[in-house]
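Notes follow the structure.
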Amino acid sequence: MITKPKGTYDLIGIDAKLYNYIENAIYNFMTNYNYEYIRTPIFEASELFHRSVGEDTDIVTKETYDFKDRGDRNITLRPEGTAGVVRSLIENKLYGNRNDTLKYYYLGTMYRYERPQAGRFRELTQFGVEVFNSDDPMIDAEVISLGFNFLKDLSLENVTVHINSLGDKESRENFTKALKNYLKPHLNELCPDCQKRYDTNPLRILDCKADKDNEILKNVPNILEYLTEESKNRFNKLKEYLTLLDIDYEIDAKLVRGLDYYDYNVWEYITDDDGVTVGGGGRYNHLVENLGGPQMPAIGFGLGIDRIIIELKKKLEDKVPVNNIDVYIMCVSEEEKIQAVKIAQELRLNNVISEVNSNNLSLKSQFKIADNLGAKFLIILNGEDLKKGLINIKDNATKEEIRIDEAELVDWVIGNI
RNA sequence: GCGGAGUUGGUGAAGUGGUUAACACGGUAGAUUGUGGCUCUAUUAUGCGUGGGUUCGACUCCCACACUUCGCCCCA
């Protein structure tokens, strides 16, 4: 048997239903916020990700799907959404009118060569937004609240936004220096991984799992105290706006995001009950420029649809929603089938959700199927009535059965569902 | 890339080196001369992740691989 590649999954059953539900919610929601839909390729030149994410990080050296195409080009399956959108912005000169704030959203699959775990796949789906050309904390608040409100709209109620500021370059350098000075005398008390991180990625030590309870980490310098005036102002403004907008947020000075390109305000959406991060984002005011575009501020987030589906399922428990249909059409003989197909099409074209037996089943089985589909009405075709131009229709709730004229069927159904 | 646990019908699962792989749900057919949801009866895995090996004999033991899951690294 051929099996699916590691870390992928088939979207079927309840998961597929939830995905459809989320997808529709996204389109509706984004229309109200007046964000434009953008779709960029699933694969891009490898260089794009190397330059955006950082040349030396593990992410790019061993956690992307890279290959050479037949034209000997270096190609990478996109591991995230931001780089492609920024590339498109630059290539298509979408920033033509420099007064506009440009707002985009995307939904699509991403590919990461990682070891699968709970809620971590090699093919994953992300919904994200990117906003260009506004540097005002007001827009930070809009973007953060957009994600938060969207999750609420999906009825994922218990989510808190964890916010932090990484400041500008100067703030980060100052903080990193202070952090390293603080940790240096205690280095041998940290876990082996953290001892390595001390040189490679000191900020990551802040959210180390092994040293979580370590006293040393509890008293670590606070990045927020090392922010420059400007960075601090941005962060304070953001908090004011979030309070104004009634967003549940929490300041988390130990929140660091993995990418080099973030500046200033960063955040994650974290569920309250089990602490799952369903998404996160940050401001990245230098990425557009670094990828060859104009100097242009930007901010965005990504939400993991796969994780959201998992969280929604936890909430649903056994209350699996059933899509009830309006009409189930039962038929046995050849002449009944001919009629059934015709009626089914007619009803469907009139927005009546209809299903028709197509398996030569006994009436008993057809009744069962109709019940499982939650049909409101059953059309039970029979040869004798058909000859008289009558259709036998049964209300599945009251069990009442009436015969109505063929010509009046559609109107009758529309009037009664 | 590293480590732990797992993989038995459509589903939930029990099970043993030896002939017929339990039980339940679900499905199908019948009792019901075309009108179900209750009940009863029959039937429903030529196969126990895949490929090798040991054995007279393997679903059961051994090896490899795949996939799942939990954790590490990493987390865009």
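We name chains A, B, ... by the order of the sequence lines, and we start the count at 1 in each one.
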Between [N] and [M], how far apart are the two [atom1] atoms, rounded to whole Å?
{"N": "A45(B)", "M": "U8(B)", "atom1": "C1'", "result": "9 Å"}
{"N": "G6(B)", "M": "G49(B)", "atom1": "P", "result": "13 Å"}
{"N": "A66(B)", "M": "G51(B)", "atom1": "P", "result": "15 Å"}
{"N": "U20(B)", "M": "G47(B)", "atom1": "P", "result": "14 Å"}
{"N": "U44(B)", "M": "C23(B)", "atom1": "P", "result": "12 Å"}
{"N": "U28(B)", "M": "C38(B)", "atom1": "P", "result": "13 Å"}
{"N": "U46(B)", "M": "G9(B)", "atom1": "P", "result": "10 Å"}
{"N": "U54(B)", "M": "C61(B)", "atom1": "C1'", "result": "8 Å"}

What contact category does [X] fall into here, base, sugar-phosphate, or nothing, at under 4.0 angstrom with non-hydrogen atoms?
{"X": "N396(A)", "value": "base"}
{"X": "L381(A)", "value": "base"}
{"X": "K4(A)", "value": "sugar-phosphate"}
{"X": "G383(A)", "value": "base"}

Does [N] have a Watson-Crick or wobble mate here (both distances under 3.5 Å), and if so which one?
{"N": "A29(B)", "value": "U41(B)"}
{"N": "A76(B)", "value": "none"}
{"N": "U50(B)", "value": "A64(B)"}

Next item on the list: Classify the glycosidic conformation of G71(B) as syn or anti, calling it syn when the angle lies within 90° of 0.
Entry: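 Anti for G71(B); the angle lies over 90° from 0.
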
Whole-Å gap separating [atom2] ([N]) and [atom1] ([X]):
{"X": "D199(A)", "N": "C73(B)", "atom1": "CG", "atom2": "P", "result": "17 Å"}
{"X": "Y65(A)", "N": "A76(B)", "atom1": "OH", "atom2": "C1'", "result": "16 Å"}
{"X": "E80(A)", "N": "C75(B)", "atom1": "CD", "atom2": "P", "result": "13 Å"}
{"X": "K364(A)", "N": "G27(B)", "atom1": "NZ", "atom2": "P", "result": "11 Å"}
{"X": "Q366(A)", "N": "A29(B)", "atom1": "CD", "atom2": "C1'", "result": "15 Å"}
{"X": "R112(A)", "N": "C74(B)", "atom1": "CZ", "atom2": "C1'", "result": "11 Å"}
{"X": "E334(A)", "N": "G34(B)", "atom1": "CD", "atom2": "C1'", "result": "16 Å"}
{"X": "F121(A)", "N": "A76(B)", "atom1": "CZ", "atom2": "P", "result": "17 Å"}

Next item on the list: Output the distance between atom CD1 (I205(A)) and atom CG (L203(A)), rounded to the nearest 0.5 Å.
Entry: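 I205(A) atom CD1 to L203(A) atom CG measures 8.5 Å (nearest 0.5 Å).
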
Checklist line | Distance in Å, N265(A) CG paired with W267(A) CH2, rounded so as to fall on 0.5 Å steps | finding: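 One finds 8.0 Å between CG of N265(A) and CH2 of W267(A).
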
Any carboxylate oxygen within less than 4.0 angstrom of a Lys/Arg side-chain nitrogen, looking at [X] and [Y]?
{"X": "R87(A)", "Y": "E44(A)", "answer": "yes"}
{"X": "E230(A)", "Y": "R234(A)", "answer": "yes"}
{"X": "K103(A)", "Y": "E142(A)", "answer": "yes"}
{"X": "R112(A)", "Y": "E123(A)", "answer": "no"}

Among the nucleotides [options], which one has an atom lying closest to any side-chain atom of [X]?
{"X": "P116(A)", "options": "U35(B), A76(B), U68(B)", "value": "U68(B)"}
{"X": "K6(A)", "options": "G3(B), U28(B), C67(B)", "value": "C67(B)"}
{"X": "R120(A)", "options": "U35(B), G1(B), C75(B)", "value": "C75(B)"}
{"X": "R115(A)", "options": "U35(B), U69(B), A76(B)", "value": "U69(B)"}

Does [N] have OP1 or OP2 under 4.0 Å away from a side-chain N or O of [X]?
{"X": "S362(A)", "N": "A29(B)", "answer": "yes"}
{"X": "S365(A)", "N": "U28(B)", "answer": "yes"}
{"X": "R197(A)", "N": "C74(B)", "answer": "yes"}
{"X": "K368(A)", "N": "G37(B)", "answer": "no"}
{"X": "R204(A)", "N": "A76(B)", "answer": "yes"}

Notebook entry, point to check: If you take atom types as modelled and just measure distance, does the side chain of E401(A) reach the base of U35(B) with a donor-acceptor pair under 3.5 Å?
Noted result: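 Indeed there is one.
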
Next item on the list: Determine whether any donor atom in the side chain of E336(A) lies under 3.5 Å from an acceptor atom in the base of G34(B), or the reverse, and answer yes or no.
Entry: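 By the distance-only test, yes, there is a pair.
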
Checklist line | Earlier contact from the 5' end, RNA chain B, for I380(A) and D193(A) | finding: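 On the 5' side of the pair lies I380(A).
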
Next item on the list: Nearest-nucleotide wise, let me know which of K399(A) and A118(A) is further upstream toward the 5' end of RNA chain B.
Entry: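 Looking at RNA chain B, the more 5' nearest nucleotide goes with K399(A).
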
Item checked: Close aromatic pair by centroid cut-off 6.0 Å: F148(A) and Y249(A) ->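 Here the rings of Y249(A) and F148(A) have centres that are no less than 6.0 Å from each other.
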
Margin query: More than 12 heavy atoms of other residues, nucleotides or ligands under 6.0 Å from CD of E47(A): yes or no?
Written below: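 12 or below, so no.
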
